[in-house]
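Numbers for residues simply follow the sequence, beginning at 1.
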Amino acid sequence: KPPAAESAAANVSEWYHGSKKEIDQFALSYEAPGKNVENLFGEGLYVTDNPNIAGSYAKSKGTIYKLGFKPNLRLLDLEKALPTDAQEAFTNFAKFNDSYLGSITEKDVKKWIAEGKTGSEIYRRLVDDISDMPLSEAMESFGALVSSLQEKGYEGFAHIGGKYMGKGKTLHNVRILWNPQDAITS
């Protein structure tokens, strides 16, 4: 049984990905199937420390993949306040998308950062507030956010899964890897 989800960046050695379709290799690009901007935290390969959760995505005829990752992945822990080096990326997202954001401004994001809001809270508010943005532009904008974070050395997000989609019933650690081919060792 996986450990209780206490820290999004938990030092867990076994990770799982469930898929209805067979995956030959995990060298996925942003355009690959299964990497969807409409996922909870955008594009990326989603993995969990809970094989039962992975199994729910694999369904009855799919596959659960057990994966290992290189040590010391640099993941942005969305369960914590944004670190200084990530704050600029989120602030710039609001600054450059102000024509599409309903009511959120760059000033709002700076205020939330000062209040110590978690990365998850800020990210979800930005997603929820995009009112008139076409999907292709949303993909481009969130892609720019990810690119900015990658320039700062981040390789993905970490968060506690099950709070939103599972309504808190089964909490589990989640990693969202933007370039899994650079992170997977097995």
Side-chain angles (χ1 to χ4, degrees), residues 1-19 26-30 32 34-57 64-91 93 109 112-113 115-128 142-186:
K1 185 173 181 177
E6 295 176 6
S7 169
N11 189 17
V12 177
S13 61
E14 295 180 351
W15 294 89
Y16 304 90
H17 176 78
S19 178
F26 282 93
L28 303 175
S29 68
Y30 280 126
K35 292 184 75 178
N36 188 338
V37 73
E38 295 171 333
N39 287 338
L40 186 62
F41 290 107
E43 297 177 320
L45 176 70
Y46 284 61
V47 296
T48 175
D49 63 345
N50 185 324
N52 295 324
I53 298 294
S56 71
Y57 286 92
I64 300 171
Y65 297 91
K66 184 176 174 182
L67 304 170
F69 296 97
K70 71 178 187 180
N72 304 316
L73 279 177
R74 186 149 189 247
L75 302 174
L76 179 58
D77 188 341
L78 294 175
E79 301 304 320
K80 296 180 179 177
L82 291 173
T84 304
D85 63 346
Q87 293 173 7
E88 179 184 15
F90 280 80
T91 303
F93 179 90
V109 174
W112 298 332
I113 290 169
E115 292 172 348
K117 299 285 185 205
T118 68
S120 176
E121 290 172 306
I122 295 172
Y123 189 98
R124 297 303 308 155
R125 286 182 182 189
L126 292 171
V127 168
D128 291 344
F142 281 100
L145 172 64
V146 165
S147 292
S148 179
L149 291 168
Q150 285 176 312
E151 288 171 9
K152 297 173 185 322
Y154 289 100
E155 299 172 83
F157 291 133
H159 82 98
I160 303 296
K163 292 190 304 182
Y164 302 103
M165 306 302 282
K167 299 179 176 46
K169 293 179 184 170
T170 305
L171 298 180
H172 56 105
N173 293 296
V174 176
R175 289 180 172 180
I176 304 158
L177 305 166
W178 300 320
N179 293 304
Q181 71 277 7
D182 296 335
I184 294 173
T185 59
S186 62

Please check this pair: side chain of [X] against backbone of [Y], looking for a donor-acceptor N/O pair closer than 3.5 Å.
{"X": "Ser148", "Y": "Ala144", "value": "no"}
{"X": "Glu43", "Y": "Gly143", "value": "no"}
{"X": "Tyr16", "Y": "Gly55", "value": "no"}
{"X": "Asp49", "Y": "Asn173", "value": "yes"}
{"X": "Ser120", "Y": "Leu78", "value": "no"}
{"X": "Glu155", "Y": "Arg74", "value": "yes"}
{"X": "Asn179", "Y": "Gln181", "value": "no"}
{"X": "His17", "Y": "Ala54", "value": "no"}

Other residues, nucleotides and ligands only: do more than 12 of their heavy atoms fall within 6.0 Å of CD on Glu88?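 Not more than 12 within 6.0 Å, no.
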
Could you tell me whether the side chain of [Y] reaches within less than 4.5 Å of the side chain of [X], counting heavy atoms only?
{"X": "His172", "Y": "Asn52", "result": "no"}
{"X": "Ile176", "Y": "Leu75", "result": "no"}
{"X": "Phe93", "Y": "Val109", "result": "no"}
{"X": "Leu76", "Y": "Pro83", "result": "yes"}
{"X": "Leu145", "Y": "Leu126", "result": "no"}
{"X": "Trp112", "Y": "Leu82", "result": "no"}

Once rounded to the nearest 0.5 Å, what's the spacing between atom [atom1] of [X] and atom [atom2] of [Y]?
{"X": "Leu67", "Y": "Glu14", "atom1": "CG", "atom2": "CD", "value": "11.0 Å"}
{"X": "Ile122", "Y": "Lys117", "atom1": "CD1", "atom2": "NZ", "value": "9.0 Å"}
{"X": "Phe69", "Y": "Asp182", "atom1": "CZ", "atom2": "CG", "value": "12.0 Å"}
{"X": "Tyr65", "Y": "Ile184", "atom1": "OH", "atom2": "CD1", "value": "11.0 Å"}

Looking at [X] and [Y], what are the two nearest heavy atoms and their distance?
{"X": "Gly18", "Y": "Tyr57", "value": "O-CB, 3.6 Å"}
{"X": "Gly119", "Y": "Phe90", "value": "O-CE2, 4.4 Å"}
{"X": "Gly162", "Y": "Leu171", "value": "C-CD2, 4.0 Å"}

side-chain contact (heavy atoms from CB on, under 4.5 Å) between Val174 and Ile53: does it pass, once the steps are laid out? CA-CA 10 Å; Val174 176; Ile53 298 294; over 6 Å; no

Do the rings of Phe142 and Tyr123 sit parallel, tilted or perpendicular, given the 30° and 60° boundaries?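 It falls in the tilted class, 30° to 60°.
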
Is it true that Phe157 and Trp178 have ring centroids separated by less than 6.0 Å?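 Yes, close enough.
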
